[in-house]
Participant: 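Sharing a structure below in structure tokens format, with a few things to ask.
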Amino acid sequence: MTRILADLPDDDIKWLDRLAEEQGKSRAAILREAVSAYRGDATKDGIERYFGIWNDRSDIGDAVEWQRRERAGNTRPWDGDYHEVRGEFPDLFDHVDDREHGRHQVWLDAKNDRSRS
């Protein structure tokens, strides 16, 4: 094994020493593990690298539900699925959205009437 000399900021050394003490390992062992993990991640591409990245998140609840809610927040009153999304996530919408949806429906109905004539 080759030895190296590396310059690190004092704060990083203090953090590294605390981590090594908590884990009962040497500073060198922590650095070897970090390099090994970094190399393992560096060889992965796209979905392999990020699949399951939120697996251990506990601050958002169910990740799929969180994602659906985030996407629902981008629903606009003129979107075709406005009523379904509003029904599922009513707290994301208000009377202004409903008013805009009504205006869009009036415009859409008028447009459809003109195209039938």
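All values derive from a computational prediction rather than experimental measurement. Hydrogens, waters and symmetry mates are skipped; everything else that's a heavy atom, side chains included, is used.
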Participant: State, to 0.1 Å, how close Phe89 and Ala72 come at their nearest heavy-atom pair, and which atoms those are.
Facilitator: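 Taking Phe89 first and Ala72 second, the nearest heavy atoms are CD1-CB, 3.4 Å.
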Participant: Are Trp78 and Leu108 close enough that some pair of their side-chain heavy atoms sits under 4.5 Å apart?
Facilitator: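 No, their side chains stay 4.5 Å or more apart.
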Participant: Quick check: are there more than 12 heavy atoms from other residues, nucleotides or ligands sitting under 6.0 Å from CG of Asp109?
Facilitator: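 Enclosed.
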Participant: In Å, rounded to the nearest 0.5 Å, how long is the span from CZ of Arg69 to CD1 of Ile60?
Facilitator: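 If I round to the nearest 0.5 Å, the distance is 13.0 Å.
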Participant: Counting heavy atoms not belonging to Asp7, are there more than 12 under 6.0 Å from its CG?
Facilitator: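 Incorrect, the count does not exceed 12.
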Participant: Can you label the angle between the His83 ring and the His101 ring as parallel, tilted or perpendicular, going by 30° and 60°?
Facilitator: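 His83 vs His101 ring planes: perpendicular.
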Participant: Ignoring hydrogens and angles, tell me if any N or O in the side chain of Asn112 forms a donor-acceptor pair with the backbone of Ser115 under 3.5 Å.
Facilitator: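 Pair absent, no side-chain N/O of Asn112 close to backbone of Ser115.
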Participant: Please round to the nearest 0.5 Å and tell me the distance separating atom OG of Ser36 and atom CG of Leu31.
Facilitator: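 So the OG of Ser36 and the CG of Leu31 are separated by 12.5 Å.
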Participant: Apply salt bridge (charged side-chain N to carboxylate O under 4.0 Å, His left out) to residues Arg116 and Asp113 and explain how you reach the verdict.
Facilitator: CA-CA 5 Å; Arg116 288 188 205 125; Asp113 287 345; 3.1 Å; yes
Participant: Look at atom CZ of Arg99 and say whether more than 12 heavy atoms of other residues, nucleotides or ligands are closer to it than 6.0 Å.
Facilitator: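 Counting neighbours around CZ of Arg99, more than 12 heavy atoms of other residues, nucleotides or ligands fall under 6.0 Å, so yes.
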Participant: Of all the heavy-atom pairs spanning Leu92 and Gly73, show the shortest one and how long it is.
Facilitator: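 So the two residues come closest at CD1-N, 3.8 Å.
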Participant: List the atom of Pro77, the atom of Tyr82, and the distance in Å for their closest heavy-atom pair.
Facilitator: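 Looking at all heavy atoms of both residues, the shortest contact is CA-CD1, 3.5 Å.
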Participant: As an exercise, state the distance from CG of Asp11 to CG of Leu16, rounded to the nearest 0.5 Å.
Facilitator: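 Answer rounded to 0.5 Å: 12.5 Å.
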Participant: Within the supplied structure, the quantity of interest is the number of heavy atoms (other residues, nucleotides, ligands) at a distance under 6.0 Å from Glu84 CD; does it exceed 12?
Facilitator: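 Yes, because the 6.0 Å sphere around CD of Glu84 holds more than 12 heavy atoms from other groups.
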Participant: Decide yes or no for Arg86 and Thr75: does some side-chain heavy atom of the first lie under 4.5 Å from some side-chain heavy atom of the second?
Facilitator: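 Not in contact.
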Participant: What I'd like to find out is whether the side chain of Arg27 reaches to under 4.5 Å of the side chain of Ile13, using heavy atoms alone.
Facilitator: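 Heavy-atom side-chain distance check passes, below 4.5 Å.
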Participant: Do you know the tightest heavy-atom contact between Ser26 and Ala29?
Facilitator: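 Closest heavy-atom pair between Ser26 and Ala29: OG-N, 3.0 Å.
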Participant: Output the distance between atom CD (Glu65) and atom CD (Glu88), rounded to the nearest 0.5 Å.
Facilitator: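 Answer for the CD-CD pair, Glu65 versus Glu88, is 7.0 Å.
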Participant: For residues Ile30 and Trp15: do they belong to one hydrophobic cluster (side chain heavy atoms under 4.5 Å, members Ile, Leu, Val, Met, Phe, Trp, Tyr)?
Facilitator: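 Yes; Trp15 is reachable from Ile30 via cluster members.
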Participant: Are any of the side-chain heavy atoms of Met1 and Arg32 separated by less than 4.5 Å?
Facilitator: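 A side-chain contact exists here, since the closest heavy-atom pair is under 4.5 Å.
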Participant: Could you go through Arg103 and Glu100, starting from their C-alpha distance and side-chain angles, then the distance that decides it, and tell me whether this counts as salt bridge (charged side-chain N to carboxylate O under 4.0 Å, His left out)?
Facilitator: CA-CA 5 Å; Arg103 288 179 179 169; Glu100 288 302 312; 3.0 Å; yes
Participant: Mind checking the CG-CG spacing from Asp12 to Leu19? Nearest 0.5 Å is all I need.
Facilitator: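 If I round to the nearest 0.5 Å, the distance is 12.0 Å.
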